[in-house]
Amino acid sequence: MTDLTTVMTGHGTNGRDGLRHLVRAEWTKFRTVRGWVAGMTLAVVLVVALGLLSAAGSHASCGMGGVETACTLTTGPGGEAVSDRFFFVHRRLDGDGSIIVRVDSMTGQIRLPDATPGVRNVVAGVVPWAKAGIMVKDGVREGASYAAVMVTARHGVRMQHDFTEDVAGRSGGVSPGSPRWLRLTRSGGTLTGYESVDGRRWAVVGTARPAHLPATVEAGLFVASPGDLTVSRGDLGGASVQVRFTEATAVFDQVRVEGRAGGTWSHDDVGVAYEADGRTPHHPGRFTESGGAFAITGVGDVAPSVDGVRIESTLSGLVAGLVAVIVVAVLFVTAEHRRGLFRTTLLAAPRRGRAFAAKAVVVGAVAFAAGLTAAALTVPLGARILQANGNAVLPVSTFTELRVVAGVAALTAAVAVLALACAALVRRGAVAVTVAAGLVVVPHILATASVLPLSVARWLLRLTPAAGFAVQQSVPEYAQVLGYYSPQGGYYPLPPLAGLAVLCGYAALAAVLAAVRIRKGDT
C-alpha cells in the first residue's frame, strides 16, 4: 500500500515535480526490498574481495645472479615510469648554446634464440627504435629532465623530451652513404631541434620546454637500443612475448659545441645494471674516439616504461560485480511484472515513459554509488598490497586514479541501465540477464582471454558495449615504445572516455526503445 500511495502522489503533476515524485517512489521500492539491496552490496563485496585477494596473491622480485630484491621503477619529471638507459658522451654547457653533429652510420646486433645450445646466436641488425643523436640533460641521473634530437633505425628523425613527448621530423633516418646532420639549440627554457642533409640548410624538427632543465646541463652524444620484441601466436590464440637483447653503434663526426662549454668530454653508461657482485656492468655500452670522430655503442632506451603492474589490475573482480548488478537491475523490473505491480505503477503515472525513467534514475544512481565505493576501496588498497609484495606498480597521477575510480562507477551505472532496459524489453528475467551479460561481459572475457585473434578482440572492444571497460585503462599506449598492446595486457583500442561513450550509447538506445514500448502500452 505504501508503494502505490507514494507513486500516486505524482498523478496529476507535470514536469520535474512529477518525475521527482516517481524517483522517490522507485527509491522507496528499491531500498525496502532486501534482496535488491543485498545484491548491490554483494556486487561491492565481490569487486573488493576478489581484487584484494588477487593483489595479495601477486608476488614479484627482481635481481640478478640469485640475489632477489623488490622491483623498483625509475620515474621521469612528470612522475610516470620511464626507461632511462643509454651511453652518453658529454660535456658541461652553461646557459644558451648549441650542439651540432653529423651521424654517419648506425649498425647493431640482435641476440636471437640459440640454434645450438650454448652457442650465442647473434645477428647483425638494428631494431626500429634504435636511437643515435644529441641530447641536453640535467646531469646523468636516471629520470632527469632532457631534450634530444635523434635519428632512428626505421622511424626517421625525431625530437623527444622528458620521455613522453615525441615529434617526427621531415626526413628518414641515416643510411650508408647518406649521413644526417643534427643540431640542438637552447635559448632560455626553449630547445629547438634541427635536421639537415648537408649541414647548411636546416629544417626545424620541433621545439621543447622541458619541465626541470637547469641553467647548467650536460650536452653530448648518445646511443640507445631497446630490446627486440617477438610475439609468437599459440594454437588457441594466445600470445608469447619475448624481448631479446640488442645493441646499436653509431659513428659521429663534425661535432661542435657552441656557447659556454666547460670541461672535457666525459662518458657515462646511464642506467647500466650490474651483476650480483655490484661492480661488473651487465651489457655495458662503450665508445672510442679518433680524430674528433666518435663510435658509440649503447643499449637500453630513453622512453616511457610500460613494464610493471597497472592499478586497474586490482579490479579483477569487476566482471563478477557487474553480473550481480545486472541481476539486480533485471529484477527491479521483472519482479513487478511477475506480481502484476508494474501495470499499477504505469496507471499511477501520467506519462508511462516517466515510470521507466524513474526506475532508470534509481538503478543507475545506486549502481554508480556501488561502483564508486568498490573502486575507491579496491584501487588504492590493492596498489599498496601489490607494492608490499614486491611488485613494481606503474605510477599514475592523482587525476588518472580519480578518473579510473569515477570511470568504473560510470561503467557500473551504464551497465545497470542497459540491463534494466533489456528487462523492460524482454520481460523475462533469465533472458534479460543473458542478453545483458552477453552484450557486456561475454565480449570482454573473449577479448581479454586470448581465445580470439587480436584483430577480432579489438573490434569486439570497439563495437560492443564491452568497449566501456576501456575507462579503467590507466597507462596509455605510446607510439615511440614498441610493446604488445593487446586487450589481454590491459590495452584497449578506444581511449577511456570514448569506450565509455560507446557503452553509454548502447544503454541510452536500449532505454529509449524500452520507453517507446512502454508508452505504446505494450505491458
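Note that the numbering runs from 1 along the sequence shown for the chain. Every heavy atom of this structure was used, including side-chain atoms; hydrogens, water molecules and symmetry mates were not.
A donor-acceptor pair under 3.5 Å is absent between the side-chain atoms of Arg458 and the main chain of Ser486, judged by distance alone. Side-chain N or O atoms of Ser58 include none that pairs as donor or acceptor with a backbone N or O of Ala55 at under 3.5 Å. Judged by distance alone, the side chain of Thr75 and the main-chain N or O of Gly79 form no donor-acceptor pair under 3.5 Å.
Under the 30°/60° scheme for interplanar angles, the aromatic rings of Phe287 and Phe294 are found to lie parallel. Using the six-membered ring where Trp is involved, Phe163 and Tyr146 have ring planes that are perpendicular, over 60° apart on the 30 and 60° scheme. Taking the six-membered ring for Trp and thresholds of 30 and 60 degrees, Tyr492 and His444 have nearly parallel ring planes, at less than 30 degrees apart.
At a threshold of 4.5 Å between non-hydrogen side-chain atoms, the residues Val103 and Pro179 do not count as touching. Two residues are said to be in side-chain contact when any heavy atoms from C-beta on lie closer than 4.5 Å; Leu112 and Val122 fail this criterion. The side-chain heavy atoms of Val89 and Ile296, taken from C-beta on, include a pair separated by under 4.5 Å. In this structure, the side chains of Thr297 and Val223 stay at 4.5 Å or more apart for every pair of heavy atoms. The shortest distance between side-chain heavy atoms of Leu184 and Met159 falls below 4.5 Å.
Expressed to the nearest 0.5 Å, how far CG of Leu191 lies from CE of Met135 amounts to 12.0 Å.
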Quiz prompt | Working for salt bridge (Lys or Arg N to Asp or Glu O under 4.0 Å), residues Glu247 and Arg286 | solution = CA-CA 11 Å; Glu247 67 178 20; Arg286 55 196 180 274; 3.0 Å; yes

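In terms of heavy atoms, Val149 sits closest to Phe222 at O-CE2, 4.4 Å. Nearest heavy atom pair, residue Pro380 against residue Glu401, reads CB-OE2, 3.8 Å. Contact between Thr264 and Arg91 at its shortest, heavy atoms only, is O-CB, 3.8 Å. Looking at every heavy atom in both residues, Tyr485 comes nearest to Tyr478 through OH-O, 3.4 Å.
Here Lys137 pairs with Asp84 in a salt bridge; the nearest charged N to carboxylate O distance falls below 4.0 Å. Using a 4.0 Å cut-off between a side-chain N of Lys or Arg and a carboxylate O of Asp or Glu, Asp96 and Arg260 do not qualify as a salt bridge.
Two rings, from Phe88 and His267, have their centers 6.0 Å or more apart.
Judged by distance alone, the side chains of Thr192 and Thr185 never bring a donor and an acceptor atom under 3.5 Å apart.
Under the rule for a side-chain hydrogen bond (donor to acceptor under 3.5 Å, both in side chains), Gln480 has no partner lying at least two apart in sequence or in another chain. With sequence neighbours left out, Cys71 forms a disulfide (SG to SG under 2.5 Å) with Cys62.
Sorted by first then second residue, the side chain to side chain donor-acceptor pair (under 3.5 Å) pairs that include residues 209-218, not counting sequence neighbours, are His90-Glu218, Asp94-Thr216, Thr190-Arg209.
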